[in-house]
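Remember, predicted model here, so these are calculated numbers, not experimental data. Starting from 1, each residue takes its place in the sequence as its number.
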Amino acid sequence: MITTEQREKLRGWFAGRLPDDLFEQLTEVTVDREEITVIGRIPEPRLAEDASDAERDAAVQGRVQEFRERTREDRMAVAREAEHRFGRKVSWGVECGAERALFTHVAAPVMTRLRQRERQVLDTLIAGGVARSRSEALAWCVRLVQRHTDDWLAELRESLEHVQRVRAQGPDASVVEDSSTDEAKDG
C-alpha cells in the first residue's frame, strides 16, 4: 500500500520529468505493487462542426495512434528511469475528448482459491458471454465491485494509511535507529 504522500511525490516526479509538450495536462498517476500508470490529456482533432459521430470517433482514434507512435521514444526514456527509480513497470494512456485509451499495461496474475459456488458465478458469466475465461470473469467482478464501492474503498485506503503512519511512530522505529547507533559505537 502506498501512502498519499508517496503518491503525491510520485506524481510530482512525473510532472517534473515529463517533457513539457508531451501532454496538455497530466491527468492521473496511479500506482500499485507492480505498475505505475501515467495518463495525460492530448488535444482533440479539429473537425468541422457538422462532423458525424463516426468521423469524430475515427479522428480521435487516429490522434491517439499518432501520439502513441510520435512520443514512444520520449515515453520509454522516462519509463526506464522511473522503473529503475521506483521498482515498478510504467504504463501509459491518454485522454482525448471523452475517450480514454491505455497503451500497454501489466496484467498481473492473482492466485486464489475459489469454492464451487464462487466458480459457478464465474462460469455463469462465461456462459452468458460476459467473459471468455474465469480470469476475465474474475476481473469483471472486481471492476463491478470497484464501481459500486469506491467510497468504501477510499475510506479503507485512508484507514490503511493512518495505520502505516502510526506503525512508523511505534517503538520498533526507534529500535532500528538505536541498533544502528550501537553498531557504530562497537565498530
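Two residues are said to be in side-chain contact when any heavy atoms from C-beta on lie closer than 4.5 Å; L26 and R11 meet this criterion.
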Problem set entry | Verdict with reasoning, E161 to E5, per side chain to side chain contact (heavy atoms under 4.5 Å, CB included) | CA-CA 10 Å; E161 287 179 17; E5 181 180 353; over 6 Å; no
Problem set entry | Candidate pair Q164 and L160, rule side chain to side chain contact (heavy atoms under 4.5 Å, CB included), full reasoning | CA-CA 6 Å; Q164 287 179 340; L160 289 171; 5.7 Å; no
For this session: Report the C-alpha separation of T37 and E28 in whole Å, then their side-chain angles, then the decisive distance to 0.1 Å, and conclude whether the side chain to side chain contact (heavy atoms under 4.5 Å, CB included) test is met.
Result: CA-CA 8 Å; T37 304; E28 187 176 317; over 6 Å; no
For this session: Begin from the C-alpha positions of F103 and R72 and carry the test side chain to side chain contact (heavy atoms under 4.5 Å, CB included) through to its verdict.
Result: CA-CA 11 Å; F103 301 155; R72 181 172 278 122; over 6 Å; no
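Ion pairing between R100 and E95 holds under the 4.0 Å rule for side-chain N and carboxylate O.
Aromatic ring orientation, F23 versus W92: tilted (interplanar angle from 30° to 60°). In this pair, F86 and W13 present their aromatic rings perpendicular. The plane angle is above 60°, beyond the 30 to 60° band.
Residues V78 and V94 share a single hydrophobic cluster, defined by chaining ILVMFWY side chains whose heavy atoms lie under 4.5 Å apart. Linking ILVMFWY residues whenever their side-chain heavy atoms come closer than 4.5 Å, directly or via other members, places M76 and F67 in the same cluster. Note on L138 and V145: separate hydrophobic clusters, where clusters join Ile, Leu, Val, Met, Phe, Trp and Tyr whose side-chain heavy atoms are under 4.5 Å apart, directly or indirectly. Residues V106 and I36 are members of separate hydrophobic clusters, defined by side-chain heavy-atom contacts under 4.5 angstrom among Ile, Leu, Val, Met, Phe, Trp and Tyr.
Take R132 and apply the salt bridge (charged side-chain N to carboxylate O under 4.0 Å, His left out) test, not counting sequence neighbours, and it matches E136. Judged as a salt bridge (charged side-chain N to carboxylate O under 4.0 Å, His left out), and not counting sequence neighbours, E99 has no contacts. Remark: R70 pairs with E66 by the salt bridge (charged side-chain N to carboxylate O under 4.0 Å, His left out) rule, at least two apart or across chains.
Counting heavy atoms of neighbouring residues, nucleotides and ligands inside a 6.0 Å radius, atom NE2 of H148 exceeds 12 of them. In D150, the CG atom is crowded: over 12 heavy atoms of neighbouring residues, nucleotides or ligands sit closer than 6.0 Å. Within a 6.0 Å radius of CD in E24, more than 12 heavy atoms belonging to other residues, nucleotides or ligands are found.
Separation of atoms CZ (R56) and CG (L47) is listed at 5.5 Å; rounding is to 0.5 Å. The CZ atom of R115 lies 7.0 Å from the CD atom of E118; values are rounded to the nearest 0.5 Å. Going from atom CZ of R63 over to atom CD of E44 covers 9.0 Å, rounded to the nearest 0.5 Å. Between atom CZ of residue R88 and atom CD of residue E83 there is a gap of 11.5 Å, rounded to the nearest 0.5 Å. The CZ atom of R134 sits 12.0 Å away from the SG atom of C141 when rounded to the nearest 0.5 Å. Once rounded to the nearest 0.5 Å, the distance linking CD1 of I42 with CG of L22 reads 9.5 Å.
Of the possible polar contacts, one joining the R75 side chain to the R68 backbone as a donor-acceptor pair under 3.5 Å is found. A donor-acceptor pair is defined here as one N or O able to donate and one able to accept, closer than 3.5 Å; such a pair exists between the side chain of R119 and the backbone of L114.
The two residues V60 and P45 come nearest to each other via the heavy atoms N-CG, 3.9 Å. Nearest heavy-atom pair across A137 and I126 is CB-CG1, 4.5 Å.
A donor-acceptor contact closer than 3.5 angstrom is absent between the side chains of Q65 and Q61.
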